[in-house]
Amino acid sequence: MRTDRTFTMLKPDSVEKGYIGAILEKINAAGFKIVAMKLTQMTRRDAMKFYEVHKERPFYGELVEYMTRGPIVAAILEKENAVADFRTLIGATNPADAAEGTIRKLYATSIGENAIHGSDSDENAAIEGAFHFAGRELF
Ligand code: IDP
Ligand code: MG
């Protein structure tokens with residue numbers, strides 16, 4: 001299993017608020033190379049599948065509504081120790097708990113609308129990257 005790739009989505013709130021450029025700047029400055037990227041919108045079916053692990057959680061319906069309400073920026077990023085370093089860069093799920101300077105501290109609104117996704121394991125990075133991108137879309 002490779003350990004140098006992670007998967008991210010700039011969530012609908014980030015796109016709506018015009019934060020794409022600022023967030024990509026932070027990602028570049030932290031040393032991640034973009035190997036795949038697109039503006040896309042998840043269908044209800046996509047979001048339900050992507051967040052299937054949370055289907056029993058009380059916030060699942062709200063999460064699916066949020067993630068499908070507008071376009072997202074999906075990307076695959078490359079860097080040594082990508083998954084852990086990217087989770088550090090984005091900060092805690094709840095922006096109220098996120099460290100200063102993290103993307104969620106700077107750009108997230110709430111625990112639900114938290115600006116950005118980052119894979120939580122190498123295995124999920126591979127699964128999530130393959131969910132959004134065909135092999136020919138990686139560079
Ligand atoms: P993560 O994105 O930091 O890995 P997860 O626990 O995997 O956090 O949750 C997935 C997503 O579900 C979060 O990023 C957030 O958008 C949403 N979420 C998590 N917990 C809550 C909650 O308590 N209320 C509403 N939405 C939540
Ligand atoms: Mg997660």
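Index from 1, following the sequence. The analysis underlying the following values was restricted to heavy atoms, covering all of them including side chains, and did not include hydrogens, waters or symmetry mates. Ligands are counted one by one from 1 in listed order, and the atoms in each one are counted from 1 as well.
At a 3.5 angstrom cut-off on N or O pairs, Asn114 counts as close to ligand 1.
When only modelled atom types and interatomic distance are considered, Asp46 and Thr43 share a side-chain donor-acceptor pair under 3.5 Å.
Among all protein heavy atoms, the one lying closest to atom 10 (C) of ligand 1 is His54 NE2, 3.5 Å. Looking only at protein heavy atoms, the nearest one to atom 2 (O) of ligand 1 is Arg104 NH2, 3.1 Å. Scanning all protein heavy atoms for the shortest distance to atom 4 (O) of ligand 1 gives Arg87 NH1, 2.8 Å. The protein atom (non-hydrogen) at minimum distance from atom 3 (O) of ligand 1 is Thr93 OG1, 2.5 Å. Of all protein heavy atoms, the one lying nearest to atom 26 (N) of ligand 1 is Gly112 CA, 3.4 Å. Among all non-hydrogen protein atoms, the one lying nearest atom 18 (N) of ligand 1 is Phe59 CE1, 3.5 Å.
The parts of Ile111 lying near ligand 1 are both backbone and side chain, judged by heavy-atom distances below 4.0 Å. Using a 4.0 Å cut-off between heavy atoms, Glu113 makes no contact with ligand 1 at all. Residue contacts with ligand 1 for Met9 are absent, since no atom lies close enough (heavy atoms, distance under 4.0 Å). Within the 4.0 Å heavy-atom criterion, neither part of His117 lies near ligand 1. Counting heavy atoms under 4.0 Å from ligand 1, residue Met67 does not touch it at all.
Only one option out of Asn81, Val83, Asp122 pairs with Thr3 in a side-chain contact (heavy atoms from CB on, under 4.5 Å); it is Asp122.
Residues Ile103 and Leu89 have side chains in contact (heavy-atom distance under 4.5 Å, counting atoms from C-beta outward). Looking only at side-chain heavy atoms (C-beta outward), Lys79 and Phe86 stay at 4.5 Å or farther from each other.
Less than 4.0 angstrom separates some heavy atom of Glu62 from each of these atoms of ligand 1: 25 (C).
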Run the numbers on Lys26 and Thr102 for side chain to side chain donor-acceptor pair (under 3.5 Å), then give the verdict.
CA-CA 9 Å; Lys26 296 279 290 177; Thr102 60; over 6 Å; no
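What you find for Asn114 and Lys11 is that their closest heavy atoms are OD1-NZ, 2.7 Å.
Centroid-to-centroid, the aromatic rings of Tyr60 and Tyr51 stay 6.0 Å apart or farther.
Phe50 and Phe7 have tilted rings, their planes meeting at an angle from 30° to 60° on a 0 to 90° scale.
Listed for the Arg104 side chain is no donor-acceptor partner under 3.5 Å among the backbone atoms of Ile90.
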